[in-house]
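Scroll down for the structure; my scribbles are underneath it.
Every number for a ligand or one of its atoms is a count from 1 in the order of the listing. Quantities reported herein were computed from a predicted structural model and do not represent experimental measurements. The first residue in the sequence is number 1, and the count goes up from there.
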Amino acid sequence: MDADRAEEILPATNNGPCAMSETNATPMIGRQLARDLADVDPAVADAIRLETEKQAHKLVMIASENYSSEAVLQACGSVMSNKYAEGYPGKRYYGGCEFVDMTENLAIDRAKELFAAEHANVQPHCGTQANMGVYFAVLKPGDTLMGMELPHGGHLSHGHRLSFSGGMFNIVTYGVDRETELIDYDAMAEIAERERPKMIVVGASAYPRHIDFERCRAIADSVGAYLHADIAHPAGLVAAGLHPNPCPVADFVATTTHKTLRGPRGGLVMCKEEHAADLDRSIFPGIQGGPFEHLIAAKAVCFGEALTDGFKAYAAQIVANAQKLAGHLADSGFRIVSGGTDTHLLLVDVGQHDITGKDAEGWLNSAGIVVNKNTIPFDERSPFVTSGVRIGTPSITSRGMGADQMEAVACWIVRALESGGDDAALNTIAGEVRELSAEFPIYDWRL
Ligand code: DSN
């Protein structure tokens, strides 16, 4: 990546997206706390130091992870954590909420602007609670919920039997076409016609392609179902206009805030105005108590960052990097599920090379590249073994890596997979990964 391009993508710093700029070099609450923590509780401080070093020295390529900015971390580690604020801005069950009202209102307004949403609730603690809040807003136990098969890329909270969603609702599923590995919308329409779900959930945690939300809306309308879109994975791409936005057509849209959106760990639900009162009651007092106002303040910071042109450039680079990586891996003989990617993630079919996803994950980790094993569509291996690995580019793009680095990363992945788990080979790669990582610091911190 040339210097001009880097400045566009990484506006806040000369080192990485999350380093402090000279004009913003005030002492940081989070860093001060981290220093104090080492005196107060060395055992916990040590674990945090080790995690910090790991994040810095390895290539984090878990598709659902990212490095939030120092500003986001600062809000996460702020005194907003001390405040109880059950209720909503202006209607709280506690006194002294005037300042958390300010940050919660900022988060709500910015979320609505970012996604062109009619209503936003920024209180869900995580993506699963965001989905739970949606279900409980309009469904009753035993109602039929239609979600994507987990091995085809869906998510546990979309109706898996081990999740509350699978236990509480009558679940029917749709999936991808065996040949194309793309969502089979015709089959989805047939299943909906037969099963008459009350809600259709679209969205996935391991689907590398755009989703046609308008088609899903038409299918939902044909059977009188609510349409709920879970955009936890591509939310940052949606915000940047690089992935279709379901907000204009879906009844509800849920997301997490820490994946491609690069914010704090947390959830967010948006909906049409007609569902606003039901949704808000469902989140609080329905399924949650006091909101995490420190994380809501951090969500406000994240949404503010995502509204910038720099974030749009960052999101475009995420996708360009994922496509570059997929191309290099395919050129090296590895099959990419669905033939490529439109997003931040790719699924590699390592099973074709008689490697399990479990082994691939372990070997890559030893080589300094952190990914997760993942089932691929119609996988014959169990979810604990799998035939695939899921690889994501949000984190390494946050470090400022671009097309030039993707060739090297692909080479290391191929070498690690072809090593058969040979310790010496993996150690050699880990050393090379560490050298590249040092050139792309995450934060401007001395380790
Ligand atoms: N854990 C998230 C992921 O990795 O996709 C989904 O909840």
Ring centre gap for Tyr207 and His152 strictly below 6.0 Å | no
For the residue pair Gln55 and Glu51, confirm or rule out a side-chain donor-acceptor distance under 3.5 Å.
-> yes
With a 4.0 Å heavy-atom cut-off (strictly under), which part of Arg390 contacts ligand 1: side chain, backbone, both or neither?
-> side chain
Atom indices of ligand 1 within 4.0 angstrom of [X] heavy atoms, with elements:
{"X": "Ser64", "answer": "3 (C), 4 (O), 5 (O)"}
{"X": "Ser205", "answer": "5 (O)"}
{"X": "His233", "answer": "3 (C), 5 (O)"}
{"X": "His155", "answer": "6 (C), 7 (O)"}

Side-chain donor-acceptor pairs of residues 229-241 under 3.5 Å, sequence neighbours excluded:
unit_1 : atom_1 : unit_2 : atom_2 : d
Asp230 : OD1    : Ala232 : N      : 3.0
Asp230 : OD2    : Asn131 : ND2    : 2.9
Asp230 : OD2    : His158 : NE2    : 2.8
His233 : ND1    : His344 : NE2    : 3.0
His233 : NE2    : Ser205 : O      : 3.4
His233 : NE2    : Arg390 : NH1    : 3.3

So Tyr67 and Tyr443, would you call those rings parallel, tilted or perpendicular, with 30° and 60° as cut-offs?
-> perpendicular
Here the pair of heavy atoms bringing Ala306 nearest to Leu261 is CB-CD1, 4.1 Å
Between Glu361 and Lys358, does at least one N-O distance fall below 4.0 Å, as a salt bridge requires?
-> no
Looking at atom 5 (O) of ligand 1, is any protein heavy atom nearer than 4.0 Å to it?
-> yes
Could you check atom 2 (C) of ligand 1 against the protein and tell me its nearest heavy-atom contact, residue, atom and distance included?
-> Lys259 CE, 3.9 Å
